[in-house]
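Written below as structure tokens is the structure these notes are about.
Lettering of chains follows the sequences in order, A, B, ..., and the numbering in each one begins at 1.
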Amino acid sequence: MSEVSTQVGGPVEVLEQAFRNAIAAALGDEHREVDPGIRPSQNPKFGDYQANFAMGLAKQLETDPRKLAVKVAQAAREDLADIAEPPEVAGPGFINIRLKDEALVRMLTAMDNDSLGVVPDTDQHAVVIDLCSVNVAKQMHVGHLRSTIIGDALGRIFERLGRTVHRENHLGDWGLPIAMVLHHLREAGTDLDSLALDELDAAYRAAQHDAEDDPSVMEAAKRTLVKLQQGDDELVGDWKRLIECTLKALDEALVVLNVKLGRENNRGESTYRDKLPGVVEAFRKANLAKEDGGAIVVAFEGRKRPLLIQKSDGGYLYATTDLAAIRFRTYELNADRVIYVVDARQRDHFRDVFDAARLIGWDETPDGITAQLDHIPFGSVLGPDKTPLKTRSGENVTLKSLLDEACQRGTDEVRRRAADPKAPTHGLTDDELAQIGRAVGIGAIKYADLSTDLVRDYVFDMDRMITFEGNTGPYLQYAHARICSIFAKAGVEPADVAEATISLAESAERRLALALLKYGGVVVDVARSLEPHRLCTYLYELADTYSTFYEQCPVLKAQTEALRRSRLRLCGLVRRVLASGLDLLGIDAPLRM
RNA sequence: GCGCCCGUAGCUCAGUCGGAUAGAGCACCGGUUUCCUAAACCGGUGGUCGGAGGUUCGAGUCCUCCCGGGCGCGCCA
């Protein structure tokens, strides 16, 4: 048994290790760090995997790529003997690798536990995810929905990798706009304890409007802000009641959305209010800030506009707050990765804030690691007319109305199918159907949000996202539920086939095995790239591969009992990877639908 | 005016740090099938990858310019 084949990990890890060894053996130890470029082959005639390093490396060494590839392939043969056929060199220097069935079976068996092949990250630092970030004086809208869904999914992915995740809801609960609406409500004598969210929203807009029209209103709002900042008891009490109004509505939305986010995650802008003078002071001391037209700014080389961190009237800005937050997150929370899930319009802002933090060294953890600061600039949600989603009356679509519609549409779908006497959901109670319907509707929205490149705008089309065909949430939920149904029909518990010997004689079985073995690598890749749509694409391909398998390979009517058990075990693995992957996306996988 | 992002099939989108003949789903056309199955299946039509140069053994992917669309541009957040 060679050194390589006893190691844990999927095919990519095993092949990478083997080729690193082979490159070092064939070309010298100084080339041990060369990336072997292991990729799944696009075309089955090129094997299961290929190693693509030879062309680039040959150029660097000014040698012939084919000869180099042959040399390394020869050196790899011994290490690969247990897991692959002898590698073949093709084209300009591709090395094609076909894995042995026994090796696939060994690796499948190794992943058949709670890990499903996901290898934990050894990094002990925390990950901070800045998400949701609702403004406490306004109605929540679809932008917050995206931020929350994406942030929660990323949080789940890092948690699966064993990382400590801090979901930070950086509430917009401070600053002049809050003071303006507070002033407005107090002037109007509104009862803040019975205030409803849409009243608050109306008041917010009225306050903005009044202040624009009348400078004296603006002055009064500014005085209110000063008093609030000074900790005036009565005002602070009203401020808290105002926040409570929004938080109650937020709580409800978060429950329906099924995200791991609650009041314990709230750390609004106001949290950092006492730190702001210190931020400006620190930048001045470090000689990184200067006065400019009465304001204090941080300038960047080669950039026209500086970052403003203090106004000429002495007030602070959201950049100041964000800098304080970064410092808290790296120093206090010990995060070496801070991820901001905030829409793309704030790109320039975060670029400047991150650069400022780097200039002063606040991107460092207490043990001296440089933290990675990432902004995920997601695109807008558009209506059918390709402009930002609005209602027919031109209002912004509220988060609540969107979630209500999703639940309704999901429930309609589930009810329609349950009407069929052959359907496993036939005869379920209304409550049960509604519960499944909610999972389908919310799953549809979340999947639509997560399944395309995040930076692109996307058109909100409930008809398309709710269908059971194509790359949709309901399709994956359905694929999962059907596998559950097979076990129910067989009268077999997954545990009954946990020890079954896996057979991969059929090509469809083999393709399914290769697809299953990719799961662990995909999860790691998504954590690295912060692109959840890669997980979606993977799950869809897995479901598609499974569909072909199920079409071509009889499971319950397999020719032998051993084959039946083998295929049931494969079904069980697919079911668990689908459920696991959907869970990482924050999507429920009902047993029936 | 300056800056950033996006542009792939009729539509919605993938495309791995530059790798072999650019892929799915929907729609459309043709065929097969009534099954272990709660999704039918197989095949086909459809592309100057916005355009033009460049780098490279190799470019949808990297560089430059242009076109089109979106967004942003110090004392709001």
Side-chain angles (χ1 to χ4, degrees), chain A residues 35 37-43 45-46 50 52 55-56 58-59 65 90-94 96 133 135 138 172 174-178 180 208 269 292-297 303-319 321-322 343-349 351-352 377 379-380 382 386-388 417-418 420 422-426 448 451-453 455-459 461 464-465 467-472 474-475 478-479 481-482 485-486 489-490 521-522 525 529 531 533-534 536-537 540-541 543-544 547-548 550-558 564 567 592-593:
Chain A
D35 178 4
I38 306 294
R39 304 275 184 273
S41 296
Q42 301 289 332
N43 190 325
K45 78 179 181 192
F46 298 135
Q50 51 186 248
N52 293 345
M55 288 80 79
K59 159 153 288 189
F94 298 105
N96 296 333
S133 306
N135 184 320
K138 272 160 68 174
W174 202 244
L176 189 57
I178 305 297
M180 281 162 70
Q208 297 278 336
E269 292 170 338
D292 185 349
I296 307 299
V297 303
R303 206 170 294 168
K304 278 186 181 169
R305 296 214 187 281
L307 179 68
L308 203 66
I309 57 173
Q310 187 171 22
K311 298 190 280 185
S312 50
D313 68 359
Y316 302 101
L317 299 108
Y318 79 137
T321 307
D322 278 332
D343 73 84
R345 289 173 304 186
Q346 300 207 33
R347 246 191 176 110
D348 293 349
H349 167 70
R351 183 198 57 194
D352 290 349
S380 307
L382 307 178
K386 303 279 180 83
T387 66
R417 283 154 203 276
D420 180 352
K422 276 167 46 192
T425 46
H426 190 70
S451 60
T452 64
D453 191 358
V455 307
R456 295 169 63 130
D457 294 348
Y458 86 94
V459 176
D461 180 354
R464 191 165 46 78
M465 54 181 82
T467 60
F468 284 37
E469 271 152 34
N471 190 8
T472 69
Y475 171 80
Y478 199 22
R482 284 200 58 182
S485 185
I486 291 164
K489 183 162 286 186
V522 169
D525 187 45
S529 64
E531 293 180 352
H533 78 273
R534 294 173 187 242
C536 297
T537 302
Y540 179 64
E541 281 170 4
D544 193 49
S547 172
T548 305
Y550 196 56
E551 194 69 34
Q552 292 178 4
C553 302
V555 176
L556 299 181
K557 292 189 177 173
R564 183 176 191 257
R567 288 177 178 170
R592 293 178 288 190
M593 58 188 279

Answer for the Watson-Crick or wobble partner of U48(B), both distances under 3.5 Å, is none

Provide the distance between the two P atoms, one in U64(B) and one in G18(B), to the nearest whole Å.
15 Å

note: Arg464(A), atom CZ; C26(B), atom P; distance rounded to Å ~ 13 Å

Atom NZ of Lys422(A) to atom C1' of U34(B): distance rounded to whole Å?
10 Å

Write down the distance between CE (Met465(A)) and P (C26(B)), rounded to a whole number of angstrom.
17 Å

Given G74(B), G3(B), A39(B), identify the nucleotide with an atom nearest to the side chain of Ala479(A).
A39(B)

Is there a donor-acceptor pair closer than 3.5 Å between any side-chain N or O of Ser547(A) and the backbone N or O of Ala543(A)?
no

What is the distance from atom OG1 of Thr452(A) to atom CG of Asn471(A), rounded to the nearest 0.5 Å?
9.5 Å

Closest to the Tyr458(A) side chain, choosing from C6(B), C13(B), G72(B):
C13(B)

Looking at the side chain of Glu469(A), which of G74(B), A39(B), A77(B) is the nearest nucleotide?
A39(B)

For G53(B) versus U12(B), give the span between their P atoms, rounded off to a whole number of Å.
29 Å

Once you apply a heavy-atom cut-off of 4.0 Å, does Ala481(A) come out as touching a base, just sugar-phosphate, or nothing?
base

Distance below 4.0 Å between Lys304(A) side-chain N/O and G3(B) OP1 or OP2:
no

Measuring only the P atom in each nucleotide, how far is G50(B) from C13(B)? A whole number of Å is fine.
15 Å

Within 45° of the six-membered ring axis of Tyr550(A) and under 6.0 Å from that ring's centre, is NZ or CZ of Arg482(A) located there?
no

Give Gly37(A) one of three labels, base, sugar-phosphate or nothing, depending on what nucleic acid heavy atoms sit under 4.0 Å from its own.
nothing

Any idea which of C73(B), C4(B), C6(B) is nearest the Arg305(A) side chain?
C73(B)

Suppose you measure atom C1' in G46(B) against the same atom in C28(B); what distance do you get, rounded to whole Å?
9 Å

Would you mind calling G74(B) syn or anti? Take O4'-C1'-N9-C4 for purines or O4'-C1'-N1-C2 for pyrimidines, and syn is within 90° of 0.
syn

Would you mind pulling out the nucleotide paired to C35(B), Watson-Crick or G-U wobble, both distances under 3.5 Å?
none

Across all strands shown, which nucleotide pairs with G19(B) by Watson-Crick or G-U wobble geometry, both distances under 3.5 Å?
C57(B)

Between CG on residue Asp343(A) and CG on residue Asp457(A), distance to nearest 0.5 Å:
10.0 Å

So for atom CZ, which belongs to Arg303(A), do other residues, nucleotides or ligands contribute more than 12 heavy atoms lying within a distance under 6.0 Å?
yes

Rounding to a whole Å, what distance do you find between Asp457(A):CG and C13(B):P?
10 Å

If you restrict it to nitrogen or oxygen atoms, what contacts under 3.5 Å exist between nucleotides 14-23 of chain B and the protein, and what is each distance?
from   : atom 1 : to        : atom 2 : distance (Å)
A14(B) : OP1    : Asp453(A) : N      : 2.4
A14(B) : OP2    : Arg456(A) : NH1    : 3.4
G15(B) : OP1    : His533(A) : NE2    : 2.9
U16(B) : O2'    : Arg39(A)  : NE     : 2.9
U16(B) : O4     : Gln42(A)  : NE2    : 2.6
C17(B) : N4     : Asp35(A)  : OD2    : 3.1
A20(B) : N7     : Gln50(A)  : OE1    : 3.3
A20(B) : N7     : Gln50(A)  : NE2    : 3.3
A20(B) : N6     : Gln50(A)  : NE2    : 3.2
A20(B) : N6     : Asn96(A)  : OD1    : 2.4
A20(B) : N6     : Asn96(A)  : ND2    : 3.4
U21(B) : O4     : Lys45(A)  : NZ     : 2.1

Would you check if the side chain of Thr321(A) reaches a backbone N or O of Glu269(A) as a donor-acceptor pair within less than 3.5 Å?
no

With C1' as the reference atom in both, quote the distance from G7(B) to U48(B) in angstrom, rounded to an integer.
15 Å

Roughly how far, to the nearest 0.5 Å, is the OG1 atom of Thr387(A) from the CG atom of Leu382(A)?
7.0 Å

Given that both distances must come in under 3.5 Å, which nucleotide forms a Watson-Crick or G-U wobble pair with C4(B)?
G70(B)

Distance between C1' atoms of G60(B) and C41(B) (Å, rounded):
32 Å

Roughly how far apart are Asp292(A) CG and Leu308(A) CG, rounded to 0.5 Å?
8.5 Å

Under 4.0 angstrom, heavy atoms only, what part of the nucleic acid is Pro177(A) near: base, sugar-phosphate, or nothing?
sugar-phosphate

In the structure shown, which nucleotide is the Watson-Crick or G-U wobble counterpart of C76(B), with both distances under 3.5 Å?
none

What's the CG-C1' distance between Asp343(A) and C5(B), to the nearest Å?
12 Å

Taking only the side-chain heavy atoms of Lys59(A) (C-beta and beyond), determine which of A40(B), C57(B), C36(B) contains the nearest atom.
C57(B)

Under a 3.5 Å limit on both distances, the Watson-Crick or wobble mate of G10(B) is C26(B)

When the P atoms of U21(B) and G3(B) are considered, how many whole Å apart are they?
38 Å

Side-chain (Thr467(A)) to main-chain (Glu469(A)) donor-acceptor, under 3.5 angstrom
yes

Within less than 4.0 Å of OP1 or OP2 of G7(B), is there a side-chain N or O belonging to Lys386(A)?
no

Looking across every strand, which nucleic acid part, if any, lies under 4.0 Å from Arg482(A) by heavy atom: base, sugar-phosphate, or nothing?
base

Looking only at C41(B), G74(B), C36(B), the nucleotide nearest the Asp292(A) side chain is G74(B)

In Å, rounded to the nearest 0.5 Å, how long is the span from OG1 of Thr425(A) to CE of Met593(A)?
9.0 Å

Categorize Ala344(A) for me: base, sugar-phosphate, or nothing, with a 4.0 angstrom heavy-atom threshold over every strand shown.
nothing

Under 4.0 Å between a side-chain N/O of Lys557(A) and OP1 or OP2 of C36(B), yes or no?
yes

For atom CG of Asp348(A) and atom P of C71(B), their distance in whole Å:
14 Å

With RNA chain B as reference, determine whether Thr548(A) or Pro306(A) sits nearer its 5' end, using the nearest nucleotide of each.
Thr548(A)

Test your reading of the model: is there a side-chain donor-acceptor pair from Arg564(A) to the backbone of Leu556(A), 3.5 Å cut-off?
yes

In whole angstrom, give me the gap between the C1' atoms of C65(B) and A27(B).
38 Å

Can you check the Leu317(A) CG to C76(B) C1' distance for me, whole Å?
8 Å

Rounded to whole Å, please give me the gap between OH in Tyr475(A) and P in C26(B).
10 Å

